[in-house]
Amino acid sequence: MTTAGDIMHRGAQWIPAHETLDRAAQLMRELNVGALPISDENERLCGILTDRDIVVGCIAMGHDPAQVTAGEMAKGTPRWIAADADVGEVLREMQTHRIRRLPVVDDKRLVGMISEADLAQHLTDDQLATWAESVYARVPSG
């Protein structure tokens, strides 16, 4: 059985909720990633911050990224998966919630992230096509 721990990218790091978005952008550059899990003061997942969030939700709105915190950008219920979860569970979680990045947690600690690139390396073409169709499909308006 292939697990989340088998396909994840190891070495993921939190950005504390109190850190500013300019620091988050610097950390993204250092780690060469486009998203960071946000942790609260107890190192619990409270959101995910993407490079797009920084640009669209802060800079494009005329806000100063040195004054806005990662925690202020955290919205909704963060999704995560256990390291020992089957890859089928990973796909269901990402498809159901239409997400492209998924933190992997073991014993309440962040141990990795699963991204589209990780899926592309470990899934069959049919699994990848099904995942992409469900995550990227337009949601009917109305």
Side-chain angles (χ1 to χ4, degrees), residues 1-139 141:
M1 167 181 87
T2 303
T3 67
D6 295 330
I7 67 170
M8 72 182 183
H9 176 81
R10 297 184 186 283
Q13 291 186 25
W14 300 106
I15 185 82
H18 67 270
E19 286 286 355
T20 58
L21 297 186
D22 61 339
R23 178 63 192 124
Q26 293 164 1
L27 187 56
M28 285 180 188
R29 181 189 65 220
E30 291 167 17
L31 298 173
N32 194 31
V33 297
L36 293 169
I38 304 169
S39 69
D40 65 15
E41 62 278 353
N42 298 315
E43 290 194 359
R44 296 267 198 188
L45 181 66
C46 64
I48 294 183
L49 178 68
T50 67
D51 47 8
R52 186 175 194 283
D53 293 333
I54 295 171
V55 172
V56 175
C58 178
I59 297 169
M61 299 299 289
H63 302 295
D64 180 357
Q67 301 299 314
V68 178
T69 67
E72 291 175 79
M73 299 298 290
K75 295 179 181 80
T77 303
R79 308 305 306 179
W80 57 272
I81 196 91
D84 62 355
D86 180 80
V87 73
E89 293 176 61
V90 171
L91 293 175
R92 279 188 295 282
E93 184 72 14
M94 294 175 85
Q95 290 168 328
T96 300
H97 299 285
R98 300 177 56 113
I99 54 178
R100 297 176 216 156
R101 298 172 182 99
L102 187 62
V104 181
V105 175
D106 187 25
D107 194 28
K108 299 181 183 178
R109 296 282 179 228
L110 178 70
V111 294
M113 288 280 283
I114 297 175
S115 69
E116 294 166 299
D118 299 314
L119 295 178
Q121 291 177 359
H122 294 91
L123 299 181
T124 67
D125 289 346
D126 288 341
Q127 287 175 310
L128 193 56
T130 300
W131 176 84
E133 183 179 329
S134 64
V135 171
Y136 289 104
R138 288 185 162 219
V139 177
S141 58

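Sequence positions, counted from 1, serve as the residue numbers for this chain.
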Let me check something: any side-chain donor-acceptor pairs from residues 17-24 under 3.5 Å, sequence neighbours excluded? List them with distances.
{"residue": "Thr20", "atom": "OG1", "partner": "Asp22", "partner atom": "OD1", "Å": "2.3"}
{"residue": "Arg23", "atom": "NH1", "partner": "Glu30", "partner atom": "OE2", "Å": "3.4"}

Name every donor-acceptor pair, under 3.5 Å, that has one atom in a side chain of residues 40-49 and the other anywhere in the protein, sequence neighbours excluded.
{"residue": "Asp40", "atom": "OD1", "partner": "Asn42", "partner atom": "N", "Å": "2.8"}
{"residue": "Asp40", "atom": "OD1", "partner": "Glu43", "partner atom": "N", "Å": "3.2"}
{"residue": "Asp40", "atom": "OD1", "partner": "Arg44", "partner atom": "N", "Å": "2.9"}
{"residue": "Glu43", "atom": "OE1", "partner": "Arg109", "partner atom": "NH1", "Å": "3.2"}

Can you list, pair by pair, the side-chain donor-acceptor contacts under 3.5 Å of residues 81-88, counting residues two or more places apart and other chains?
{"residue": "Asp86", "atom": "OD2", "partner": "Gly88", "partner atom": "N", "Å": "2.7"}

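Residue pairs meeting the side-chain hydrogen bond (donor to acceptor under 3.5 Å, both in side chains) criterion with at least one member in residues 99-108: none, sequence neighbours excluded. Residue pairs meeting the side-chain hydrogen bond (donor to acceptor under 3.5 Å, both in side chains) criterion with at least one member in residues 45-60, sequence neighbours excluded, are Thr50-Asp53.
Legend: residues meeting side chain to side chain contact (heavy atoms under 4.5 Å, CB included) with Ile59, ordered by chain and number and at least two apart, are Ile54, Pro65. Scored by the salt bridge (Lys or Arg N to Asp or Glu O under 4.0 Å) test, Arg92 finds no partners at all (sequence neighbours excluded). Contacts of His9 classified as side chain to side chain contact (heavy atoms under 4.5 Å, CB included), with partners at least two apart in sequence or in another chain: Asp118. Remark: Asp6 engages Thr3 in a side chain to side chain donor-acceptor pair (under 3.5 Å) (not counting sequence neighbours). For the salt bridge (Lys or Arg N to Asp or Glu O under 4.0 Å) test, residues two or more places apart in sequence or in another chain that qualify with Glu93 are Arg79. Remark: Ala74 engages Ile38 in a side chain to side chain contact (heavy atoms under 4.5 Å, CB included) (not counting sequence neighbours). Legend: residues meeting side chain to side chain contact (heavy atoms under 4.5 Å, CB included) with Gln67, ordered by chain and number and at least two apart, are Asp64.
Taking a 6.0 Å sphere around CE of Met61, one finds it holds 12 or fewer heavy atoms contributed by other residues, nucleotides or ligands.
Across Met113 and Pro37, no two heavy atoms sit closer than the pair SD-CG, 3.7 Å.
When side chains are defined from C-beta on, Leu31 counts as touching Gln13, because their heavy atoms get closer than 4.5 Å. Using a 4.5 Å heavy-atom cutoff, the side chains of Leu91 and Leu119 are in contact.
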